[in-house]
There are 2 protein chains.
Amino acid sequence: MKSKSVILPKDEMPRQWYNILSDIKMNPPLGPDGKPVNPEALTPVFPMPLIEQEVSSERWIDIPEPVLDVYDIWRPSPLTRATGLEKALKTPAKIYIKNEGLSPPGSHKPNTAVPQAYYNKISGIEKITTETGAGQWGSALSFACAQFGLSCKVYMVRISFDQKPYRKTMMETWGGQCISSPSPYTKTGKDALAKDPDTPGSLAISISEAIEDAIGDKTGKSRYSLGSVLNHVMLHQSIIGLEAKKQFEIIGEYPDIVIGCAGGGSNFAGLAFPFVADKINGKEIEIYPVEPKACPTMTRSPFVYDYGDIAGYTPMLPMYSLGHNFVPAPIHAGGLRYHGMAPTVSQLIKEGLITPKSVNQLDAYKAGVLWARTEGFIPAPETNSALAAVVEEALKAKEEGREKIIVASFSGHGLLDLTAYEKYLSGEMAESVVEDDDIIKSCEVFKDYPKPEILKST
Amino acid sequence: MKSKSVILPKDEMPRQWYNILSDIKMNPPLGPDGKPVNPEALTPVFPMPLIEQEVSSERWIDIPEPVLDVYDIWRPSPLTRATGLEKALKTPAKIYIKNEGLSPPGSHKPNTAVPQAYYNKISGIEKITTETGAGQWGSALSFACAQFGLSCKVYMVRISFDQKPYRKTMMETWGGQCISSPSPYTKTGKDALAKDPDTPGSLAISISEAIEDAIGDKTGKSRYSLGSVLNHVMLHQSIIGLEAKKQFEIIGEYPDIVIGCAGGGSNFAGLAFPFVADKINGKEIEIYPVEPKACPTMTRSPFVYDYGDIAGYTPMLPMYSLGHNFVPAPIHAGGLRYHGMAPTVSQLIKEGLITPKSVNQLDAYKAGVLWARTEGFIPAPETNSALAAVVEEALKAKEEGREKIIVASFSGHGLLDLTAYEKYLSGEMAESVVEDDDIIKSCEVFKDYPKPEILKST
């Protein structure tokens with residue numbers, strides 16, 4: 001019997017992360033004075049080892065043994081051939097997914113939560129604060145903090161906090177604390193509530209709250225953690241693509257197309273960056289980050305310097321951004337509702353090394369249900385966006401009659417997101433769109449305000 | 001780096017199931033006339049290949065290729081050393097679990113759902129009906145039916161249907177249909193609703209409804225499926241223990257203690273029966289099925305002939321039973337709320353080959369939360385009962401200063417059961433008990449009515 005899945009033997013697990021900063025040139029983050037930020041200035045927010053990784057241009061960075069020990073709970077993840085989906089689509093394409101949904105929290109997020117918890121621990125930190133949108137990140141950090149005996153405090157975007165009470169319970173089961181954001185406990189939270197007591201909240205608000213909490217802690221033993229966007233997060237996630245490359249080597253294949261969903265960019269980057277490295281060295285390969293049309297950061301926003309949060313506590317980052325005041329429509333893929341895009345992913349788009357795509361919410365769920373019925377695992381809403389692009393490419397390969405090899409990142413399972421499936425299956429899910437005027441308005445924050453024309457949908 | 005998990009290579013997966021009926025002598029099921037049932041009489045309910053397996057005494061039965069192909073989606077499951085839990089308990093015991101929570105529906109149930117769907121398919125059946133309590137079984141059968149293109153109709157015990165709407169969505173995502181039971185669509189359902197419109201329902205009622213639906217189908221292409229109790233179900237589940245034995249061989253170890261939770265008995269049997277075979281051949285090994293004190297089928301009920309359902313549609317089975325009218329307390333481990341116990345498991349208890357244990361609900365959740373914080377995965381409520389026994393045995397080994405090897409079946413994850421965790425964590429979960437009088441009363445259905453004394457708690 002030939003297996004659907006390529007299982008990487010435990011002793012062949014990668015022992016170093018790949019750092020894309022060794023292969024591309026980036027503009028530096030800017031401080032409030034408009035000058036490049038001195039890494040030392042970030043020490044109240046992050047522990048030193050993570051700051052060093054944030055600015056490092058070393059190509060390979062060792063994964064510490066205690067991190068490998070926790071990765072061992074669920075890694076290496078399988079690379080699985082989607083034979084059932086191929087058959088349903090009658091495509092000559094070979095479709096593979098890298099399944100990140102088998103971790104205890106059910107997504108790729110612990111790939112960075114674990115090293116972040118570890119580096120905080122060895123730096124003498126006792127408490128980590130963070131934000132979470134849909135809840136995947138807050139769950140992952142709570143799990144990771146339990147492994148290293150750290151306190152974890154999560155500011156959860158209010159609309160998700162109210163709609164997904166199970167996420168809070170998940171975090172609490174691992175010993176984490178979960179707070180509805182905006183909260184009355186921070187200045188940012190109080191301001192947001194004063195401005196609009198009924199605000200659904202946003203990641204940009206929650207990030208500000210979590211940073212404020214960490215830097216305001218009098219003990220000096222509290223730090224903040226971000227689950228996406230930053231360079232060190234992309235570094236940690238590279239484990240996905242590094243494993244996948246080894247798995248393709250085992251079966252003597254190499255993908256023609258790499259696909260991942262992108263909100264802040266970390267799931268896409270995790271799978272794709274090790275393949276981008278090959279592309280820079282001349283390999284022919286198409287690489288697609290996929291976003292929802294309702295939050296079109298990569299496909300309809302300008303490349304600018306912008307803050308990562310609403311209060312401007314973060315440095316200004318060079319990235320595609322819809323503006324830090326942008327409040328995305330309440331689509332079900334909460335992890336894809338961020339105004340910006342990782343600077344590394346943004347830079348690769350700018351250089352033409354990767355090509356963003358956007359998909360409709362209903363197409364995403366259609367692909368997700370087809371996946372569940374053919375391949376078994378019920379995908380996360382974010383994963384569905386990637387799967388919609390997979391289906392599109394597989395059908396294109398069928399038209400062209402070409403046996404293309406497609407690999408996509410299956411960012412997580414959707415077992416905590418079944419209300420969204422219920423809406424889809426009962427026909428109650430509406431298509432979610434963004435108005436041109438909303439984008440134009442939220443982009444007014446930029447000094448180098450782009451011409452409204454380029455922001456309009458085409 | 002030494003890994004926590006023993007991964008069985010895909011090409012070493014067992015290709016035959018182990019049949020305990022080759023090793024023990026059983027009393028036959030009895031028909032309404034009190035005589036042994038002719039297997040032919042079961043053809044309106046089950047397809048012939050499953051009836052043959054139900055009565056077979058062949059030691060090894062081949063697993064068909066198409067079943068192996070679907071098993072391949074998640075099997076072999078890892079055998080994982082719980083180093084984090086060992087450390088937390090400071091025990092010299094080595095604790096292993098066989099993780100069945102990584103299947104698409106999240107439990108061990110698809111181990112039998114998949115072959116049941118397959119044998120129905122090759123027998124020309126188009127629709128399968130079944131019941132489900134907590135929802136694990138209905139989810140698993142919906143998943144399996146999607147793999148083979150069959151319709152699936154699930155009668156779900158009303159109290160669970162109301163409390164766990166996500167289970168219904170899960171089934172529907174795989175194309176299944178889920179109905180609150182008792183329903184107005186069957187005679188059994190109508191009778192139950194007439195008797196008590198507010199009844200929370202029970203597995204015994206739902207089984208009757210599902211059988212009635214299947215045998216009443218005019219097309220002749222509808223059959224019923226049971227997720228536990230019966231011999232062929234235990235047969236299919238033996239894949240768990242067969243894999244585990246191969247995994248122990250790889251590391252050169254053999255367990256001193258085998259533990260599994262038991263509602264109908266299939267999860268316990270799946271891990272334990274291949275080890276029972278060794279015990280019959282002289283191997284020294286302790287084997288413990290674990291049940292909740294609130295539904296003490298194995299520890300406080302008589303060994304009798306009883307029906308599997310409330311309406312008496314099933315044959316009478318020789319088993320430990322609290323009586324088919326027994327309505328267990330609404331504990332959160334819905335999968336452990338069945339009045340009877342698999343005849344095979346019952347027989348082994350009677351012969352002293354295995355020793356049942358019972359645990360309190362609060363101890364079970366305490367063990368489950370400790371597991372989540374040390375080992376990552378959040379266990380199903382049923383699994384927590386097994387984990388409570390694991391903790392007990394590990395602490396006993398510590399007292400005795402012995403390096404015992406313990407293996408337990410991790411029957412599933414608890415991501416669809418987080419409301420129960422919320423109750424436990426907030427201190428709102430009550431201990432669940434059963435009154436002596438309730439057991440004595442429900443046992444009055446038995447002709448050979450046992451002395452009330454033996455039914456009382458000690």
Side-chain angles (χ1 to χ4, degrees), chain A residues 1-7 9-11 13 15 65 68-74 76 78 80 83-84 101-106 110 143-144 146-147 149 165-170 172-175 368-369 372-378 413-426, chain B residues 1-7 9-11 13 15 65 68-74 76 78 80 83-84 101-106 110 143-144 146-147 149 165-170 172-175 368-369 372-378 413-426:
Chain A
M1 193 189 92
K2 200 167 169 290
S3 172
K4 281 170 76 74
S5 294
V6 188
I7 307 296
K10 286 270 188 187
D11 54 10
M13 213 171 108
R15 292 169 158 268
E65 283 291 326
L68 285 169
D69 284 345
V70 183
Y71 277 177
D72 180 41
I73 291 176
W74 77 98
T80 302
T83 42
L102 301 172
S103 69
F143 155 72
Q147 285 291 318
Y166 296 149
R167 278 288 175 191
K168 175 172 178 273
T169 304
M170 230 176 141
E172 288 172 350
T173 301
W174 283 309
V369 169
R373 292 184 183 175
T374 54
E375 294 294 325
F377 292 100
I378 297 178
H413 67 64
L415 300 185
L416 276 289
D417 302 277
L418 288 166
T419 36
Y421 279 90
E422 175 60 27
K423 277 200 180 156
Y424 175 75
L425 292 167
S426 63
Chain B
M1 192 187 93
K2 199 166 170 295
S3 173
K4 279 171 78 74
S5 294
V6 188
I7 307 296
K10 285 272 187 187
D11 53 11
M13 213 169 108
R15 291 164 159 273
E65 283 292 326
L68 286 169
D69 284 344
V70 182
Y71 276 178
D72 180 41
I73 291 176
W74 77 97
T80 301
T83 42
L102 300 173
S103 68
F143 154 72
Q147 285 291 317
Y166 295 148
R167 280 286 173 190
K168 175 172 177 274
T169 304
M170 230 176 140
E172 288 173 349
T173 301
W174 282 309
V369 169
R373 292 184 185 175
T374 53
E375 295 294 325
F377 293 100
I378 298 176
H413 67 63
L415 300 185
L416 276 288
D417 302 278
L418 289 166
T419 36
Y421 278 91
E422 174 60 27
K423 277 200 180 155
Y424 175 76
L425 292 166
S426 63

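Numbered from 1 within each chain, the chains take letters A, B, ... in sequence-line order. Here the structure is a predicted model, which is why all the values come from computation and not from measurement.
- Proximity to chain B (any heavy atom under 4.5 Å) is shown, for Leu102(A), by both the backbone and the side chain.
- Heavy atoms closer than 4.5 Å to chain B are found in the backbone of Ser103(A), but not in its side chain.
- Contact of Thr374(B) with chain A is made through the backbone alone, with heavy-atom distances under 4.5 Å.
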Practice problem: Check the pair Thr419(B) / Thr169(A) against side chain to side chain contact (heavy atoms under 4.5 Å, CB included), numbers first and verdict last. | Solution: CA-CA 8 Å; Thr419(B) 36; Thr169(A) 304; over 6 Å; no
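- Annotation: maximal heavy-atom pairing with chain A below 4.5 Å, among Phe143(B), Trp74(B), Tyr421(B), occurs at Tyr421(B).
- At least one side-chain heavy atom of Leu418(A) sits under 4.5 Å from a side-chain heavy atom of Leu416(B).
- The candidate with the highest count of non-hydrogen atom pairs below 4.5 Å against chain B, out of Ala372(A), Pro9(A), Pro110(A), Ser426(A), is Ala372(A).
- With a 4.5 angstrom heavy-atom cutoff, Thr80(A) does not touch chain B via any of its atoms.
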Practice problem: Tell me, with the steps shown, if His413(A) and Leu415(B) meet side chain to side chain contact (heavy atoms under 4.5 Å, CB included). | Solution: CA-CA 11 Å; His413(A) 67 64; Leu415(B) 300 185; 3.4 Å; yes
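- For the salt bridge (charged side-chain N to carboxylate O under 4.0 Å, His left out) test, no residue two or more places apart in sequence or in another chain qualifies with Glu422(B).
- Both the backbone and the side chain of Ile73(A) come within contact range of chain B, each with at least one heavy atom under 4.5 Å from a heavy atom of that chain.
- For the pair Asp72(B) (side chain) and Lys4(A) (backbone), a donor-acceptor distance under 3.5 Å is present.
- Contacts between Tyr166(A) and chain B at a heavy-atom distance below 4.5 Å involve backbone atoms as well as side-chain atoms.
- For the pair Arg373(B) (side chain) and Gln147(A) (backbone), a donor-acceptor distance under 3.5 Å is absent.
- Ranked by heavy-atom pairs shorter than 4.5 Å toward chain A, the options Ile7(B), Thr83(B), Leu425(B), Val70(B) are led by Leu425(B).
- Two residues are said to be in side-chain contact when any heavy atoms from C-beta on lie closer than 4.5 Å; Trp174(B) and Ile378(A) meet this criterion.
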